[in-house]
Asker: 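Here you go, one structure.
Below, all heavy atoms of this structure are taken into account, side chains as well, without hydrogens, waters or symmetry copies. Proteins get letters first, then strands, A, B, ... in listed order; numbering begins at 1 in each.
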2 protein chains.
Amino acid sequence: MATIKDVAKLSGVSVATVSRVINKSPKASKASIESVTKAMRELGYRPNANARALVSQSTNTVGVVVGDVSDPFFGVMLKAVDKVARQHNKHMLIGNGFHEAKTEREAIELLINSRCESLIIHSKGLSNQELIDFADEVPGMVVINRYIPQIANRCIALDNHKGSYLATEYLIKHGHTRIGYISSTYDIEDTQQRRAGYIDALVANGIEVDENFIEYGTPDEEGGEKAMTNLLSKNLDMTAIATYNDYMAAGCLSIMDENGIASPQDVSVIGFDDGIIAKYLSPKLTTVRYPINIMAEQAAQLSVQLAKGEKSNEYPRMFVPTLVRRRSVLAK
Amino acid sequence: MATIKDVAKLSGVSVATVSRVINKSPKASKASIESVTKAMRELGYRPNANARALVSQSTNTVGVVVGDVSDPFFGVMLKAVDKVARQHNKHMLIGNGFHEAKTEREAIELLINSRCESLIIHSKGLSNQELIDFADEVPGMVVINRYIPQIANRCIALDNHKGSYLATEYLIKHGHTRIGYISSTYDIEDTQQRRAGYIDALVANGIEVDENFIEYGTPDEEGGEKAMTNLLSKNLDMTAIATYNDYMAAGCLSIMDENGIASPQDVSVIGFDDGIIAKYLSPKLTTVRYPINIMAEQAAQLSVQLAKGEKSNEYPRMFVPTLVRRRSVLAK
DNA sequence: CTGTTAGCGCATTCAC
DNA sequence: GTGAATGCGCTAACAG
C-alpha cells in the first residue's frame with residue numbers, strides 16, 4: 001500500500017507538502033495541490049489512520065460498549081451515538097459487553113487501548129468502583145443507563161423506579177387492584193428498581209403487597225411466558241399485569257392468548273421500554289417509554305465535550321420515563 | 001498516559017524486554033516478567049493499539065458496513081460477525097451506509113484508512129464497478145447480500161427471486177389466485193428480484209399478471225400501510241398478499257385490521273425476512289426466512305481467511321431462503 | 001510557500 | 001536472556 005513517501009516521490013515534492021494538501025492546509029500552492037492530488041489518485045493512496053492517530057494523539061473515535069448489538073434497544077442507541085459522532089466528524093468503535101463483567105471489562109480495555117477519546121459505556125456487570133476507576137482514567141468516558149453517585153456528572157440514566165411506579169399507578173387509576181408483576185431474573189439495578197416502583201405504587205395506594213403476585217423469568221419472551229404461566233397457575237384472580245419489559249409483556253400476552261384470556265378485556269397488560277415490538281403486538285402494547293435515543297444522543301454529546309476538556313452541566317442527566325397509551329389496558 | 005518507556009524505566013529493563021513480556025515472548029526471564037508486570041500495573045499502562053498496528057502492520061480489526069445499525073436485521077448480522085471476530089481475537093469497526101452511495105463510500109474508505117484487514121460490506125448504493133475496485137484493493141473484503149459476478153467468490157448473497165417465488169407459490173398451493181403484491185420503492189436489486197419472483201410464480205402457474213395487483217411503498221410499516229390502502233381501494237377481490245418484507249406485511253395487516261378485514265380468514269398475508277417482529281404480529285406471520293445470521297457468520301469467516309491470504313471455496317455462497325409457516329396464511 | 005527533521009509508541013532485528 | 005538501534009507512516013515545528 002502506497003505511503004506518503006511514495007506520493008511525495010511521484011509528485012516531486014516533499015512529504016511535508018503532501019501532508020499539507022492532505023490536511024487542506026492553507027499554505028499549499030495550487031500547483032502542489034494539483035500534482036499531489038494526481039499522484040494520490042494514481043497510487044490509490046490511503047492515509048494511514050493509525051499513523052495519524054499516533055502522531056496527532058487523537059483518533060477521532062468514540063468507543064461504545066453495548067449489551068448486545070442484536071438487541072434493537074441497543075440498535076437505536078448506537079444510531080443515536082453515530083448521529084452525533086458524525087456531526088463531530090468522528091466514527092464509532094463498538095464492543096459487546098453481554099452484561100457480563102469479564103466481557104465488559106475486555107471491551108472497555110480494548111477501546112482504551114485503541115485510544116478512543118470518547119467512551120460511552122453501558123455496563124451492568126462491572127462494579128461501581130471499577131467503572132469509577134475507568135472514568136478516572138478516561139476523561140471522555142460517560143456511563144449510560146446507570147447512575148453512579150461518585151461520577152454523577154458522567155452518567156446518563158433513567159429513573160426506572162418512577163417508570164414502573166407510573167405504570168402501576170396507571171393500572172390502579174383504571175380501577176385495578178389485583179395487579180401481578182412479571183420481573184426479571186437478571187440481578188441488575190434495573191430489575192430491583194422497577195420491581196420497587198411496582199411495590200411502592202401499590203403501597204402508596206393502599207393495596208396490599210403479596211409476593212405471590214410477583215413472578216420471575218429471563219427478560220425476554222420465554223421468560224414472560226414462563227412467569228405468566230406460573231402466575232396463572234396460582235389462580236389469583238388478577239385483572240392486570242405490569243411487566244419488566246415489552247418482551248416479557250409479549251410472552252405474557254402470548255400465554256394469555258393460548259389460554260383464552262383476552263387482553264385487555266379480561267386482563268390488562270403494561271410493558272416497559274416502548275421497544276420496536278410494542279406497537280406490533282396485539283393488542284398494541286401500552287407501555288413506558290424509555291427515551292434511549294435522546295439519552296444516547298446526549299451521552300454522546302457529553303462525552304465529546306468531556307473529551308475536549310470542556311465541562312458541561314446543561315443536560316438533564318436523569319431522565320424520566322413517560323407513559324405511552326395504546327390498547328392493552330382497559331378500565332375495570 | 002504511560003508509554004512503554006515509562007514502564008521500562010520503572011521496572012529497570014529496556015523497552016525491548018517490556019515489549020517481550022507484553023507479547024508473552026518465550027524469551028523473557030521470570031524476573032523481568034514480574035518486575036515489568038508490576039510496573040505496568042503501577043502505571044496503569046495501556047499498550048497503544050495504534051502504535052502496535054503501525055509497526056506490526058496489522059490492526060486485528062474487521063470492518064463492517066451495514067445499512068443502519070438500528071435495524072434489527074443488521075443487529076443480528078453484526079452479532080454474527082462479532083462472534084467469529086471474537087473467535088479470531090479480532091474486533092469490529094462499524095460504519096453506517098444508509099443505503100446511499102456517498103455514505104457507503106465514506107464508510108468503506110474510513111475502514112480502509114483504518115487498515116481493517118477484513119471488510120464485510122453491505123452496500124446497495126454503490127455500483128458494481130466501484131465495489132469491484134474496492135475488492136481489488138482489499139484482499140479481505142467480502143460483499144454480503146449482493147451478488148457481483150466478477151467477484152463471485154467474494155460475495156455471500158441470498159436468492160431473493162427464489163424466496164419470493166416460494167412465497168407466492170405457497171399462496172397458490174393454498175388455492176389463492178387473486179394475489180396482490182406489496183413492493184418496495186427502493187430501487188435496489190432486492191426489490192426487482194423479489195418482485196420478479198412473485199411474477200414468475202404467477203406465470204408458472206398460469207395466473208394472469210395484472211399490474212393493478214402490485215402496489216409500492218417505502219419498505220417499512222408506513223409503506224406497507226400506504227400500499228395496502230391503495231390496493232384495497234381498487235376493489236380487486238384479492239384473497240392473498242405477498243409482501244416485500246415483514247414490516248410492509250405489518251403495515252398491511254394493520255390496515256386490514258382497521259378495515260375489518262380478518263387475516264387469515266379473509267385475506268392471507270405472507271412476509272419476507274423472518275425478522276424479529278414476524279412472530280409478534282397477529283396473526284403470527286408466515287414468512288420467508290432470510291438466514292442473515294449464518295450468512296454473516298460465513299462472510300466473516302471468509303473475510304478473515306481471505307485477509308490471511310488463504311483461499312476458500314468450501315462455502316455455499318448463494319443461500320436459498322426457506323418458508324416459515326405460521327398463522328397468516330389459510331387455504332382458500 | 002517548501003523541505004528537513006524529529007519524534008509519536010511500539011516490535012524487532014542484531015549484537016552481546 | 002537482554003539492550004541499542006531502526007523504522008512503521010505520519011504531522012508539526014523550524015529554517016529557509
Asker: With the threshold set at 4.0 Å, does a side-chain nitrogen-carboxylate oxygen contact exist between Glu34(B) and Lys38(B)?
Answerer: no
Asker: Which parts of nucleotides 4-11 of chain C does protein reach within less than 4.0 Å, heavy atoms only, written one letter per nucleotide 5' to 3' as B for base, S for sugar-phosphate only and - for none?
Answerer: B--BBBBB
Asker: Does a side-chain N-to-carboxylate-O contact under 4.0 Å join Lys124(A) and Glu100(A)?
Answerer: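 Judged by the 4.0 Å cut-off on N to carboxylate O distance, Lys124(A) and Glu100(A) do not form a salt bridge.
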Asker: Would you check if there is a donor-acceptor pair between the side chains of Tyr290(A) and Asn145(A) at a distance under 3.5 Å?
Answerer: yes
Asker: I'd like to know if Arg146(B) and Asp190(B) make a salt bridge, using a cut-off of under 4.0 Å between side-chain N and carboxylate O.
Answerer: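 Salt bridge absent between Arg146(B) and Asp190(B).
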Asker: Give me the residues of residues 25-39 of chain B where at least one heavy atom lies under 4.0 Å from an atom of DNA chain D, by number, or none.
Answerer: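 Correct list: Lys27(B), Ala28(B), Ser29(B), Ser32(B).
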Asker: Do Glu109(B) and Arg105(B) sit within salt-bridge range, that is, some charged N less than 4.0 Å from a carboxylate O?
Answerer: no
Asker: Is atom OH of Tyr186(B) surrounded by more than 12 heavy atoms (other residues, nucleotides or ligands) closer than 6.0 Å?
Answerer: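 No.
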Asker: If we count only N and O atoms by modelled type, under 3.5 Å, do the side chains of His122(B) and Glu104(B) hold a donor and an acceptor together?
Answerer: no
